[in-house]
Amino acid sequence: VQLQASGGGLVQAGGSLRLSCAASGGTFSRLGMGWFRQAPGKERELVATIGWWRTMTNYADSVKGRFTISRDNAKDTMYLQMNNLKPEDTAVYYCAASRSNTATMSRSYDWWGQGTLVTVSS
């Protein structure tokens with residue numbers, strides 16, 4: 001499975017961005033998907049995950065109510081809508097795919113995209 005993340009950029013605090021993750025080489029509808037992020041000097045952390053069925057979602061407490069994860073199985077693409085961005089959201093965002101429908105930890109993910117940088121200015 002190959003993953004291509006896009007949509008990062010520079011935005012002011014309070015602004016919005018939408019990240020996309022295009023998948024190829026696998027049966028997308030049978031992959032658990034997730035977004036992770038890594039800020040400079042920090043460990044990679046979970047942002048949000050979504051199972052085969054779009055209703056199975058999971059969010060980090062720090063992004064609940066601001067970020068929305070979704071997927072379009074017809075387009076083999078996952079999204080992360082990020083609203084009310086804060087400077088602490090600045091990080092490289094990675095999309096990942098798992099054979100498991102319920103993966104919530106990075107070690108459970110089998111394939112990773114290259115990352116897209118999100119910078120939020122104050």
Side-chain angles (χ1 to χ4, degrees):
V1 176
Q2 292 79 47
L3 303 173
Q4 181 71 40
S6 61
L10 174 63
V11 64
Q12 289 187 332
S16 299
L17 281 175
R18 187 195 197 201
L19 305 183
S20 298
C21 176
S24 61
T27 304
F28 181 76
S29 61
R30 286 296 178 261
L31 295 172
M33 299 295 296
W35 288 101
F36 294 79
R37 68 186 181 186
Q38 187 167 19
K42 295 187 177 181
E43 294 186 353
R44 185 168 56 192
E45 64 176 1
L46 175 145
V47 176
T49 64
I50 186 167
W52 302 342
W53 302 283
R54 302 178 191 85
T55 55
M56 291 182 62
T57 58
N58 175 61
Y59 294 92
D61 288 342
S62 59
V63 306
K64 282 182 180 177
R66 300 188 298 122
F67 291 11
T68 302
I69 190 171
S70 62
R71 65 190 295 164
D72 185 338
N73 289 342
K75 295 183 178 180
D76 292 354
T77 303
M78 173 181 65
Y79 305 98
L80 185 68
Q81 178 66 44
M82 306 186 293
N83 298 328
N84 190 21
L85 283 159
K86 304 176 180 180
E88 52 263 43
D89 294 318
T90 295
V92 176
Y93 284 70
Y94 298 90
C95 60
S98 173
R99 295 180 179 89
S100 170
N101 185 39
T102 57
T104 58
M105 302 183 71
S106 61
R107 63 172 179 263
S108 299
Y109 283 79
D110 304 290
W111 300 278
W112 293 82
Q114 86 290 357
T116 184
L117 177 63
V118 172
T119 304
V120 184
S121 63
S122 58

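Below, each value reflects all heavy atoms present in this structure, side chains not excepted, and no hydrogens, waters or symmetry copies.
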message: With clusters defined by side-chain heavy atoms of hydrophobic residues (ILVMFWY) lying less than 4.5 Å apart, directly or transitively, does L80 cluster with L85?
response: yes
- request: Flag yes if V120 and V63 sit in one hydrophobic cluster, no otherwise; membership is Ile, Leu, Val, Met, Phe, Trp, Tyr, and two members link when side-chain heavy atoms are under 4.5 Å apart.
  value: yes
query: Among the clusters formed by ILVMFWY side chains lying less than 4.5 Å apart, do M33 and L46 turn up in the same one?
result: no
Under 3.5 Å donor-acceptor, T27 side chain and S29 backbone: no
S108 side-chain N/O to A103 backbone N/O, donor-acceptor pair under 3.5 Å: no
Exercise: identify the closest heavy-atom pair between G8 and T116: N-OG1, 3.0 Å
statement: Distance col, row L10:CG vs T119:OG1, nearest 0.5 angstrom, shows 6.0 Å
query: Counting only N and O atoms by type, is there a donor-acceptor contact under 3.5 Å from the side chain of Y59 to the main-chain atoms of I69?
result: yes
task: Walk me through it: do W111 and R99 pass the test side chain to side chain contact (heavy atoms under 4.5 Å, CB included)?
output: CA-CA 9 Å; W111 300 278; R99 295 180 179 89; 3.7 Å; yes
message: With clusters defined by side-chain heavy atoms of hydrophobic residues (ILVMFWY) lying less than 4.5 Å apart, directly or transitively, does Y79 cluster with L17?
response: no
Residue pair R66 / D89, side-chain heavy-atom distance below 4.5 Å: yes
Listed partners of N73 passing side chain to side chain donor-acceptor pair (under 3.5 Å), at least two apart: R71
message: Between K64 and D61, does any NZ, NE, NH1 or NH2 come within less than 4.0 Å of an OD or OE carboxylate oxygen?
response: yes
- prompt: What class does the angle between the rings of W112 and Y94 fall in, given that below 30° is parallel, 30 to 60° is tilted and above 60° is perpendicular?
  reply: perpendicular
- prompt: Within a strict 4.5 Å, meaning less than it, do heavy atoms of the M78 and L3 side chains meet?
  reply: no
R37 vs S62, side chain to side chain contact (heavy atoms under 4.5 Å, CB included): CA-CA, chis, key distance, verdict: CA-CA 12 Å; R37 68 186 181 186; S62 59; 3.4 Å; yes
Rounded distance [0.5 Å steps], OG1 in T77 versus CZ in F28: 6.5 Å
task: Mind checking side-chain contact (heavy atoms from CB on, under 4.5 Å) for W52 and listing every partner two or more places apart, or none if nothing turns up?
output: R30, N101
- request: State the OH-CG distance between Y93 and L117, to the nearest 0.5 angstrom.
  value: 9.5 Å
task: Please round to the nearest 0.5 Å and tell me the distance separating atom NZ of K86 and atom OG of S122.
output: 14.0 Å
message: Y109: which residues meet the ring pair (Phe, Tyr, Trp, His ring centres under 6.0 Å) condition with it, sequence neighbours left out?
response: F36
- line: Rounding to 0.5 Å, atoms CG (D76) and CD (Q2) come to a distance of 11.5 Å
- prompt: Atom CD in E45, atom CD in Q38: separation rounded to 0.5 Å?
  reply: 9.5 Å
